[in-house]
There are 2 protein chains.
Amino acid sequence: MHFKSLIRSIKERREMLQVTQETLADLSGVGLRTLKQFESGKGNPTAETLNKLGNALGLELTFQVKTTTAEE
Amino acid sequence: MHFKSLIRSIKERREMLQVTQETLADLSGVGLRTLKQFESGKGNPTAETLNKLGNALGLELTFQVKTTTAEE
DNA sequence: TTTTAAAGTGCATTATATGGCTCTTTTGTA
DNA sequence: TACAAAAGAGCCATATAATGCACTTTAAAA
């Protein structure tokens with residue numbers, strides 16, 4: 001699934017800030033169980049949930065125009 | 001809700017490309033009913049649904065680091 | 001090692017997103 | 001105006017996201 005990269009962003013940012021899943025769950029208002037699911041590669045988060053997590057980590061969920069440059 | 005801006009992106013892009021809701025629904029695989037809901041300001045789309053719509057429109061769902069005014 | 005905090009999982013319940021069908025409202029055009 | 005296409009909304013069945021609780025696994029420190 002595509003949101004894997006979104007979750008990766010969450011996880012990387014969380015770890016960069018040295019915040020535990022539990023703390024992030026508390027700060028964001030997202031259930032710990034839910035956050036664990038995402039970071040272990042499962043689930044299909046809603047925009048609201050992604051926003052909550054993003055807000056707590058200083059990340060903003062956006063649509064970017066895909067520039068058809070080369071590959072990655 | 002925050003995903004309003006995401007939906008706005010979808011809608012603006014769709015209209016810019018002169019694609020109807022129905023066509024976008026077909027192209028993206030998202031139900032027409034669901035797309036209508038979003039564009040009329042309701043609902044809480046999942047990452048998967050946002051991705052489907054984004055893919056059909058050349059938009060990519062990403063997390064951006066929030067820069068408060070000046071930073072690098 | 002042993003201990004312990006953090007992370008991951010199974011199960012059950014509740015809340016809600018999805019999507020088809022149908023009808024109404026809005027909008028653009030002749 | 002009138003008409004047709006597009007957009008919006010109500011109803012509702014189904015699928016699944018969110019969540020808590022209890023348990024297991026992992027990893028890092030003592």
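Only a predicted model underlies this, so the values are computations on that prediction, with no experimental measurement involved. Below, chains carry the letters A, B, ... as their sequence lines are ordered, and counting in each starts from 1.
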Chi angles and distances behind the side-chain contact (heavy atoms from CB on, under 4.5 Å) call for A:E12, A:S9: CA-CA 5 Å; A:E12 282 172 4; A:S9 297; 5.5 Å; no
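- A side-chain donor-acceptor contact under 3.5 Å links A:S40 to the backbone of A:K36.
- Under 4.0 angstrom from either OP1 or OP2 of D:dA7 there lies no side-chain N or O belonging to B:S40.
- Atom CG of B:L50 is separated from atom C1' of D:dA17 by 14 Å (rounded to the nearest Å).
- Looking at residues 7-18 of chain A, you'll see that no heavy atom sits under 4.0 Å from any atom of DNA chain D.
- In this structure, CD of A:Q37 is placed 8 Å from P of D:dA17, rounded to the nearest angstrom.
- For the pair B:T49/B:F38, a side-chain contact is recorded, criterion being any heavy-atom separation below 4.5 Å from C-beta on.
- In terms of phosphate contacts, A:T49 brings no side-chain nitrogen or oxygen within less than 4.0 Å of OP1 or OP2 of D:dA17.
- In this entry the distance linking NZ of B:K36 with P of D:dA5 reads 14 Å, nearest Å.
- The stretch residues 19-34 of chain B touches DNA chain D through B:T20, B:Q21, B:R33, each having a heavy atom within less than 4.0 Å of the strand.
- With hydrogens and angles left out, the side-chain atoms of B:T62 and A:T62 include a donor and acceptor closer than 3.5 Å.
- Residues satisfying the salt bridge (charged side-chain N to carboxylate O under 4.0 Å, His left out) criterion with B:R14, sequence neighbours excluded, are B:E39.
- Between atom CD of residue B:E48 and atom CG of residue B:L53 there is a gap of 11.0 Å, rounded to the nearest 0.5 Å.
- Taking atom NZ of residue A:K42 and atom C1' of nucleotide D:dA18, one finds them 15 Å apart after rounding to whole Å.
- Listed by chain and number, the residues in a side-chain hydrogen bond (donor to acceptor under 3.5 Å, both in side chains) with A:T20 are A:T23 (sequence neighbours excluded).
- Across all their heavy atoms, B:L35 and B:A25 have their closest contact at CD2-N, 4.0 Å.
- B:L57 and B:L27 are members of different hydrophobic clusters when ILVMFWY side chains are connected at heavy-atom separations under 4.5 Å.
- Note: CD (B:E39) to C1' (C:dT27) measures 15 Å, nearest angstrom.
- Nearest heavy atom pair, residue A:L61 against residue A:A47, reads CD2-O, 4.4 Å.
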Protein-proximity profile, nucleotides 25-30 of chain D, B/S/- by nucleotide at the 4.0 Å heavy-atom cutoff, equals ------
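- Atom CD of A:E22 has 12 or fewer heavy atoms from other residues, nucleotides or ligands within 6.0 Å.
- Atom CG in B:L35 sits about 14 Å away from atom C1' in C:dA17, given to the nearest Å.
- Atom CG of B:N51 is separated from atom P of C:dA17 by 17 Å (rounded to the nearest Å).
- Both B:L59 and B:L17 belong to a common hydrophobic cluster when Ile, Leu, Val, Met, Phe, Trp and Tyr are linked at side-chain heavy-atom distances under 4.5 angstrom.
- Criterion: ILVMFWY side-chain heavy atoms under 4.5 Å apart, direct or through other members. Under it, A:F63 and B:V19 are part of a common hydrophobic cluster.
- Look at CZ on B:F38: it is 14 Å from C1' on D:dG8, rounded to the nearest Å.
- Direction change of the helix axis from one end of the helix from C:dT1-D:dA30 to C:dA30-D:dT1 to the other is 60°, with five pairs defining each end axis (rounded to 10°).
- In this structure, the side chains of B:K66 and A:N55 come closer than 4.5 Å at one or more pairs of heavy atoms.
- Residue B:N44 places at least one side-chain N or O closer than 4.0 Å to OP1 or OP2 of C:dA17.
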